[in-house]
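Below is one structure, written out as structure tokens, with a few remarks after it.
Given the structure is predicted, the values throughout are model-derived calculations rather than measurements. Throughout, numbering of the chain's residues begins at 1 and tracks the sequence. Indexing begins at 1, ligand by ligand and atom by atom, following the structure's order.
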Amino acid sequence: MKTMQWEDNKLLLIDQTKLPDELTYFECKTYQDVIKAIKTMVVRGAPAIGVAAAFGMALAYISGDNPQKAAREIKSSRPTAVNLFWAVDRVLGSDSPVDEAIKMYDEDIKTNKSIGAYGSKIIDDGDTILTHCNAGALACVDYGTALGVIRTAFKEGKNISVVCNETRPLCQGARLSVWEMQQDKIPVELIVDSAAGYLMQTGAIDKVVIGADRVAQGGVANKIGSLMVALAANRFNIPFYVAAPKSTFDYQNSIYDVEIEERNPEEVLYFGTSRLAPAETIIRNPAFDIVPDDLITGIITEEGIIKPF
Ligand code: MRU
């Protein structure tokens, strides 16, 4: 199952806000529809945001919209995942926007399979792997980066299991990663984010593999909570890997100069429709944090496993 489909000059996106209860599609006929889908997390995850943005640019060309204006607006939909900017610029510079977006769609799947093949080498038979957020098929066009590593190791016959952090506030781990692992019949357990340290301390975790929204000089930006996982893994000498395609690499900036998205406080205040704290509570809701490079064992890319730069 693909996270998105290009059909009759329309982009169909699995509506990830509805998973795992409902598998429904959100239809984008204009680039403004794509912006809405990215902002509301119908589509999320760095590579998926990138490819959806590429199709957003293709829709702008098809509708005869001003491409520079569309590019500016699409780029302002979310600030942290660099794939968004990379994808928009790539389509903007191409002669054939629709073909370029389709090419990026196909490349994403090949890239993830390659990340899986390299990454599987660091997974041993019997490993329990902790992951955070969703760096799976749903975060890409298909297969996934961190979950792609796990998928490949499992397909190769390794007897492995997965622990997913639920990943508050939007629970991409609980809703999406657990669902993906269950679809593939890969053994999976769900924990609350704050249980990760305890599981590491008691020897229940052999490796950590997460995704990234941006890899830049000094470290990696990924879903809020990644830093705490990395600190705990370091304390208990557990290898900590980041799986990310080269399209997630930013060679221009220090990771500390990257804008960390602050999202709507209501995501924290409410769990579904239940309010968790007094209505007037002052809330901080950073969506990402930074894992410094000294806490990262290796970055698994489509070209091999590298050290952070
Ligand atoms: O806010 P999200 O759900 O878009 O955040 C996603 C993540 O943090 C993923 O780990 C990252 O984009 C890598 S996806 C292969």
Side-chain angles (χ1 to χ4, degrees), residues 3-4 13-17 19 37-53 77-87 107-109 111-116 119 129-151 164-177 179-180 193 208-216 219-230 240-250 255 258-264 267-268 285-291 296 299-302:
T3 300
M4 62 190 85
L13 297 165
I14 290 182
D15 185 345
Q16 300 192 33
T17 64
L19 287 172
I38 293 174
K39 282 188 172 168
T40 57
M41 312 277 279
V42 162
V43 63
R44 33 67 49 200
I49 291 171
V51 179
S77 57
R78 286 191 83 186
T80 309
V82 77
N83 304 60
L84 174 66
F85 308 93
W86 165 83
E107 276 174 15
D108 178 80
I109 302 169
T111 297
N112 294 336
K113 295 266 169 79
S114 184
I115 289 173
I129 304 139
L130 179 97
T131 192
H132 188 69
C133 193
N134 172 268
L138 290 162
C140 305
V141 174
D142 200 359
Y143 207 68
T145 58
L147 296 191
V149 169
I150 289 165
R151 282 197 164 94
C164 291
N165 275 355
E166 65 175 346
T167 320
R168 274 284 286 154
L170 295 179
C171 292
Q172 291 93 327
R175 293 188 303 105
L176 309 176
S177 293
W179 184 75
E180 282 196 34
D193 299 334
V208 177
V209 185
I210 65 163
D213 286 81
R214 201 180 291 227
V215 178
V220 159
N222 191 53
K223 179 53 55 195
I224 193 75
S226 299
L227 172 61
M228 292 207 306
V229 174
F240 183 98
Y241 286 94
V242 174
K246 286 291 178 79
S247 55
T248 301
F249 282 54
D250 172 357
I255 198 68
V258 168
E259 183 180 342
I260 298 293
E261 180 181 13
E262 292 258 356
R263 291 187 60 85
N264 190 335
E267 291 178 354
V268 175
N285 186 18
F288 300 97
D289 59 23
I290 292 165
V291 180
I296 300 170
I299 303 177
I300 307 163
T301 76
E302 65 272 38

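If you check the side chains of D213 and T80, you find no donor sitting under 3.5 Å from an acceptor. Defined by atom type and a distance below 3.5 Å, a donor-acceptor pair is missing between the side-chain atoms of N285 and E262.
Residues that satisfy the side chain to side chain contact (heavy atoms under 4.5 Å, CB included) test with A212, not counting sequence neighbours, are V215, V220, V242, A244, T248. By the side chain to side chain contact (heavy atoms under 4.5 Å, CB included) test, D193 is found to be paired with H132, N165, E166, T167, R168, residues two or more places apart in sequence or in another chain being considered. Residues forming a side chain to side chain contact (heavy atoms under 4.5 Å, CB included) with T145 (at least two apart in sequence, or on another chain): N112, I115, A135, C140, A243, P245.
Using a 4.0 Å cut-off between a side-chain N of Lys or Arg and a carboxylate O of Asp or Glu, E302 and K246 do not qualify as a salt bridge.
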Show the short N or O contacts, below 3.5 Å, that ligand 1 makes with protein N or O atoms; if there are none, say 'none'.
| from | atom 1 | to | atom 2 | distance (Å) |
| --- | --- | --- | --- | --- |
| ligand 1 | 1 (O) | R78 | NH1 | 3.4 |
| ligand 1 | 1 (O) | R78 | NH2 | 2.8 |
| ligand 1 | 1 (O) | K223 | NZ | 2.7 |
| ligand 1 | 3 (O) | R44 | NE | 2.8 |
| ligand 1 | 3 (O) | R44 | NH2 | 3.2 |
| ligand 1 | 3 (O) | Q172 | NE2 | 2.9 |
| ligand 1 | 4 (O) | G45 | N | 2.9 |
| ligand 1 | 4 (O) | R78 | NH1 | 2.8 |
| ligand 1 | 8 (O) | D213 | OD1 | 2.8 |
| ligand 1 | 8 (O) | N222 | OD1 | 3.1 |
| ligand 1 | 8 (O) | K223 | N | 3.3 |
| ligand 1 | 10 (O) | N222 | OD1 | 2.7 |
| ligand 1 | 12 (O) | A46 | N | 2.8 |
| ligand 1 | 12 (O) | D213 | OD1 | 3.2 |
| ligand 1 | 12 (O) | D213 | OD2 | 3.0 |

